[in-house]
Student: 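The structure's right below; bear with me while I get my questions together.
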Amino acid sequence: MQVAAVIVDVPARQTDRPFSYVVGSELSGKLTVGMRVIVPFGRGNRLIQGFVVGITEKPLAETSKLKKISEVQDLTPVLNPEMLALADWLAATTFSFKISCLQTMIPNGLRGKSEKIVRLLAPEKVDQSLKDFFGQKAEQQLQPAKLSAELFRKLQQARNAGSVELLYQVKDQARPRQVRVVQGLLTTQQAQALKKQQRANAHQLLNVLDFLAKNPQITIQQQQLEKQIGVSAATIRTAAAKQWLKVDYQVVKRSAYDLTTISATTAKKLTSAQQQVYQQVAAAIQQQTATSFLLEGVTGSGKTEIYLQLMAAALAKKQNALLLVPEISLTPQMVAQVVGRFGKQVALLHSGLSVGERLDEWRRIENGSATIIVGARSAVFAPIKNLGIIILDEEHESSYAQDNMPRYHARDVALWRSRYHHCPVVLGSATPSLESRARAQKGVYHWLQLPERINTRPLPAVSLVDMRQAAQTSHDSDFSNELLAAIKQRLVKQEQIILLLNRRGYATFMMCRQCGFVLKCPNCDISLTLHKDQQVMKCHYCGHEEPIPRKCPACGSLKIRFYGTGTQKIQEKLQKYFATARILRMDVDTTRRKGAHQQILQRFGRHQADILLGTQMIAKGLDYPDVTLVGVLNADTSLSLPDFRASEQTFQLLTQVSGRAGRAKKEGKVIIQTFNPQHYALQFAKKQDYEKFYAYEMRLRHQGDYPPYYFTIQIAVNAVSEPAAVKYLFKIAHELKQILSPEAKLLGPVPQMILRIKNHYRYHLIIKFKHEPQLLDYLHHLLEKSQQQKAVQLIIIREPTNFM
DNA sequence: AGCACGCCGACT
DNA sequence: GTCGGCGTGCTC
C-alpha cells in the first residue's frame with residue numbers, strides 16, 4: 001500500500017511535521033513528491049491543502065488507521081527536489097514552519113483557499129431565520145465572521161440535528177486565463193453567397209459576413225472581433241447559431257510587461273575596468289563554480305551592463321539566469337533594460353503583478369520558456385532549472401529580508417542555490433552591507449571593485465548644512481536658505497530636484513501646550529501622526545485612525561499644536577515658496593494604489609514635474625538626466641534610531657540618494673541638512689567614501705561586539721498580559737545563561753522600543769555570540785516547548801535587521 | 001488554525 | 001436534570 005507523507009496547511013508548531021495518508025489505488029502512479037493534494041484533517045475531517053514530501057510502500061496492516069488523500073491538485077509537481085530540500089533548510093535555519101516555507105515558494109495563485117459550505121438537507125425541519133439564510137439556494141458559503149452569533153448557533157444546532165451539513169472545499173486562487181476565440185467556418189464564396197441572402201437592415205450580421213469573406217477560416221479573440229467590426233456579443237452568438245463561425249475557449253498567458261513599448265538594445269562595449277570584472281565572473285560561469293562575488297561599484301559605474309552581459313554569457317552556455325533587485329528598483333527603467341536586451345524570454349516577478357499574471361510568469365519559468373528571471377525578494381525561489389548565474393543587486397537593501405514567517409534573507413537563499421547549482425553569485429552594491437564587505441575582506445567572497453563612474457563624471461558635490469546655524473538666518477525650521485536658493489536656481493534652469501524626507505504624514509505628533517498631553521494610539525504605545533489630506537490622526541503601526549482633535553482631549557484647552565514635519569507638510573510649504581513648481585509626492589500614502597508608484601516615476605521621468613518629494617523609496621535606482629539637485633531635509637531621523645545599524649543605514653541612504661544627482665551631462669549637487677554635521681556617517685557620506693566609512697564603522701562594531709564580529713539572535717515575546725510576557729522571557733534568559741559559554745553576551749530582557757503594538761506587550765532579548773554549538777538545538781527545543789505557552793507568542797529571529 | 005470533547009454555571 | 005458557556009488538546 002502506498003503511503004504519502006504530507007505537510008498540511010496548518011501553520012502551527014504542533015502540526016509542523018509530515019502526516020501520513022493512504023494513496024488510493026485510483027491515484028497510484030499519478031502521485032509524485034512535490035504535488036499539492038487535498039486531504040481530510042482533524043476530527044471534523046475538514047479538507048485542507050497539503051504538499052506531498054515523500055511516498056513510501058507500507059504493509060496493509062499499518063495503513064488501517066490512516067485517512068486517504070481526497071484529491072490531487074496537480075498533474076506535475078509544483079515543487080521540484082531542489083525546492084523541497086531548500087524548504088527543509090529554510091525551516092530549520094529560520095525557525096519557521098515547513099508549510100510556511102513551502103507556501104512562499106509557490107505563487108499565491110496556487111495556494112489553496114479553503115471554503116466552508118453549509119448545505120440544507122431538511123428544509124422542513126429548520127426555522128424561518130435559517131430559511132432566510134439559505135434563500136432559494138440549497139447551499140451557502142459559511143463565513144462565521146459575517147454571521148450574527150444567533151444565526152451561527154442555529155446553524156450549529158441544525159447541523160447537530162442533521163438537517164444541515166457542513167462541506168469543505170479547497171480551491172486554487174487563480175486559474176489559467178481563458179478567452180473566447182472565434183473561428184470562421186466559411187469560405188470566401190460561402191460568405192459572399194450568404195451575404196446576398198441577408199436583409200439589408202441586419203447590418204451587424206452583414207458586417208460579420210463581410211469580415212468572414214475577407215478572412216476565411218480565421219481564429220480571432222471574440223473581444224477583438226467585436227471591437228474591430230463593431231458588433232455585439234449577441235450578434236456573434238447569432239452567427240455561431242447559424243454555423244458561420246464557432247466560439248471556442250483558449251488559454252492565454254497574461255503578460256507582465258508590454259513588449260511593444262520597449263525598444264531593443266544591444267550590448268555596449270565594456271570599459272577595461274568593467275571588462276576585468278566581467279571576465280572573472282564569466283570564468284566562474286564557464287567552470288561552473290559556486291564562487292560568491294562581491295561587486296563594489298560606485299553609483300554610475302556601469303554595474304547593470306555587466307549584469308546583462310553576464311546573463312548573456314549564461315544563456316550562451318544554455319543556462320538560465322536570475323537577477324534580483326529591490327522591489328523599488330523594479331521600475332520601468334530596469335525592466336526596459338533587461339527586456340530590451342533579452343526580449344520575451346524574460347520573466348518578471350514583482351508585487352505589482354496580479355495573482356494571475358504572477359502565476360503565468362511562474363509557469364513560464366517552470367516550463368523553461370523563460371530563461372532570464374528578474375524579480376524582487378521572493379523571486380529567489382523561482383523554479384529555475386539549470387541556473388548559470390545569480391545576481392543580487394543592491395545587496396545591502398533591507399528589503400531582501402522578509403519580516404514575517406519565514407524570516408529569510410534573499411542573499412542567504414541565493415547563496416544556497418548557487419551551491420546547489422554550482423553557479424556563481426554576484427552581490428552588487430555601491431555601499432555593501434558591513435557583513436558582506438567583511439566577508440570579502442576575509443576571502444569568503446571574491447572581491448571586485450569599480451571605483452570610477454563610467455562617464456568619468458565626478459560624483460556630485462555634497463554639502464552639509466548645519467541646521468543649528470541655519471535656524472538663525474532662515475525663517476523656516478525645515479528649509480535652510482542654501483537649500484531654498486538651490487531649489488530656486490534649478491527651477492529657473494528647468495532642471496529637476498529630488499527631495500528626501502524620511503517621514504510621511506503631515507505632522508508627527510500632537511501635543512497640548514497647556515498640560516503636555518500627547519495624543520497616542522489606543523492600541524500601541526506610539527503617538528498618532530496627523531494626516532492632513534485625509535483629515536485624520538493615524539497610527540503608523542496598526543493603522544488606527546481617529547478624527548483630528550480641536551481641543552485637548554485631557555484638559556480641554558485649545559492650545560494644541562502639531563509638531564514634527566512629514567512629507568505632506570513639506571509639500572504644502574514647497575508649494576507656498578514656489579507657487580508655479582510642479583511637485584510630486586511619493587510615500588506610502590500616495591503609492592498604495594496598484595501602479596501608482598510607476599505612474600509617479602513616469603511623470604517625473606517625462607519631466608512633467610519639477611520636484612519629486614518622498615520618503616526613502618525615492619532613494620534607489622532612479623536615473624533621470626535632468627535631476628541636478630538632491631536635497632535631504634533631515635538626515636538625523638535615521639541617525640538617531642536606537643540601533644547599532646543606524647549609522648550604516650544613514651550612510652547608505654545618503655550615498656544612494658546622492659547618486660541620483662548629475663547622472664548625465666549636467667553637474668549634480670547634493671545638500672544634506674542636519675543637526676549633527678560632525679557625525680562620521682555624514683562626513684563620510686559627504687566625501688562619498690565607502691571604504692573609509694567601512695573601516696571606521698568596523699572599529700566601532702569591534703569595540704561594541706556587534707555584527708559582523710558577532711552573530712546575533714533575537715528572542716521576542718508578545719502577549720496581551722504584560723507580566724506573562726516578562727515572566728516567560730526571564731525564564732528563557734535564565735535557561736540561556738546555563739547553556740551559553742562565557743564568551744557569549746546576553747542583552748536584556750528589556751521592553752522593545754515600542755512596548756505595545758496592537759494591544760500586545762512586547763519584550764525581547766538579544767544573544768551575541770561567536771561559537772555556541774548548543775544554542776541552536778536549545779532554540780529549536782524552546783520552540784517545540786513554546787506551544788504550551790498559549791498566551792505568549794515566541795519569536796526567534798536570527799540576525800535581526802534591527803534591534804528595535 | 002479549527003474542531004470536538006469535557007467540565008462548570010444558569011435555566012426549564 | 002439539561003443547555004450551552006468556554007477552556008484544553010489533538011489533528012495521519
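Note on naming: letters A, B, ... go to the chains in the order of the sequence lines (proteins, then strands), and numbering restarts at 1 for each one. This is a predicted model, so every value here is computed, not measured.
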Student: Under 4.0 Å, counting only non-hydrogen atoms across every strand here, what does A/Phe41 touch: a base, just sugar-phosphate, or nothing?
Tutor: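 Counting heavy atoms under 4.0 Å across all strands, the contact made by A/Phe41 includes a base.
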Student: Could you tell me which residues satisfy ring-ring contact (aromatic ring centres under 6.0 Å, His included) with A/Phe711, sequence neighbours excluded, listed by chain and number?
Tutor: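 For A/Phe711 the ring-ring contact (aromatic ring centres under 6.0 Å, His included) partners, ignoring immediate neighbours, are A/Phe769.
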Student: Could you state the atom-to-atom distance from CD1 of A/Ile99 to P of B/dA1 in whole Å?
Tutor: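 These atoms are roughly 14 Å apart.
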Student: Measure from NZ on A/Lys98 to C1' on B/dA1 and round the result to the nearest Å.
Tutor: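 Value for this atom pair: 19 Å.
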Student: Relative to the ring of A/Phe19, is the ring of A/Phe41 parallel (under 30°), tilted (30 to 60°) or perpendicular (over 60°)?
Tutor: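 Ring orientation, 0 to 90° scale: perpendicular.
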Student: Are A/Gln2 and A/Ser28 close enough that a side-chain donor and a side-chain acceptor fall under 3.5 Å?
Tutor: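 The answer is no; no qualifying pair exists.
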Student: Round to the nearest Å and state the distance from A/Leu142 atom CG to B/dC3 atom C1'.
Tutor: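 Value for this atom pair: 13 Å.
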Student: Identify, between A/Arg17 and A/Arg43, the residue whose nearest nucleotide on DNA chain C lies closer to the 5' end.
Tutor: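 Its nucleotide being nearer the 5' end, the pick is A/Arg43.
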Student: For A/Glu115 and B/dA1, what is the distance between atoms CD and P respectively, to the nearest whole Å?
Tutor: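 Distance, rounded to whole Å: 20 Å.
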Student: Hey, are A/Arg111 and A/Asp172 close enough for a salt bridge, meaning a charged N less than 4.0 Å from a carboxylate O?
Tutor: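 A salt bridge is absent here (no side-chain N lies under 4.0 Å from a carboxylate O).
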Student: Quick one: label A/Tyr168 by what it contacts on the DNA or RNA (base, sugar-phosphate, nothing), any heavy atom closer than 4.0 Å.
Tutor: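 The residue A/Tyr168 makes sugar-phosphate contact but no base contact.
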Student: If we count only N and O atoms by modelled type, under 3.5 Å, do the side chains of A/Tyr763 and A/Gln752 hold a donor and an acceptor together?
Tutor: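 On atom types as modelled, these side chains do not qualify, holding no pair under 3.5 Å.
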Student: Using a 4.0 Å cut-off to any heavy atom of chain A, which nucleotides of DNA chain C are the first and last in contact, reading 5' to 3'?
Tutor: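 First-to-last contact on DNA chain C, by the 4.0 Å heavy-atom rule, is C/dG4 to C/dC12.
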Student: In whole angstroms, how far is the P atom of B/dC3 from the CG atom of A/Asn45?
Tutor: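 Going from A/Asn45 (CG) to B/dC3 (P), I get 11 Å.
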Student: When all nucleic acid strands are considered with a 4.0 Å heavy-atom cut-off, which category describes A/Arg13: base, sugar-phosphate, or nothing?
Tutor: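 The answer is nothing, as A/Arg13 stays clear of every strand by at least 4.0 Å.
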Student: If you look only at distance, which donor and acceptor atoms sit under 3.5 Å apart when one is on a side chain in residues 725-734 of chain A and the other is two or more places apart or in another chain?
Tutor:
none

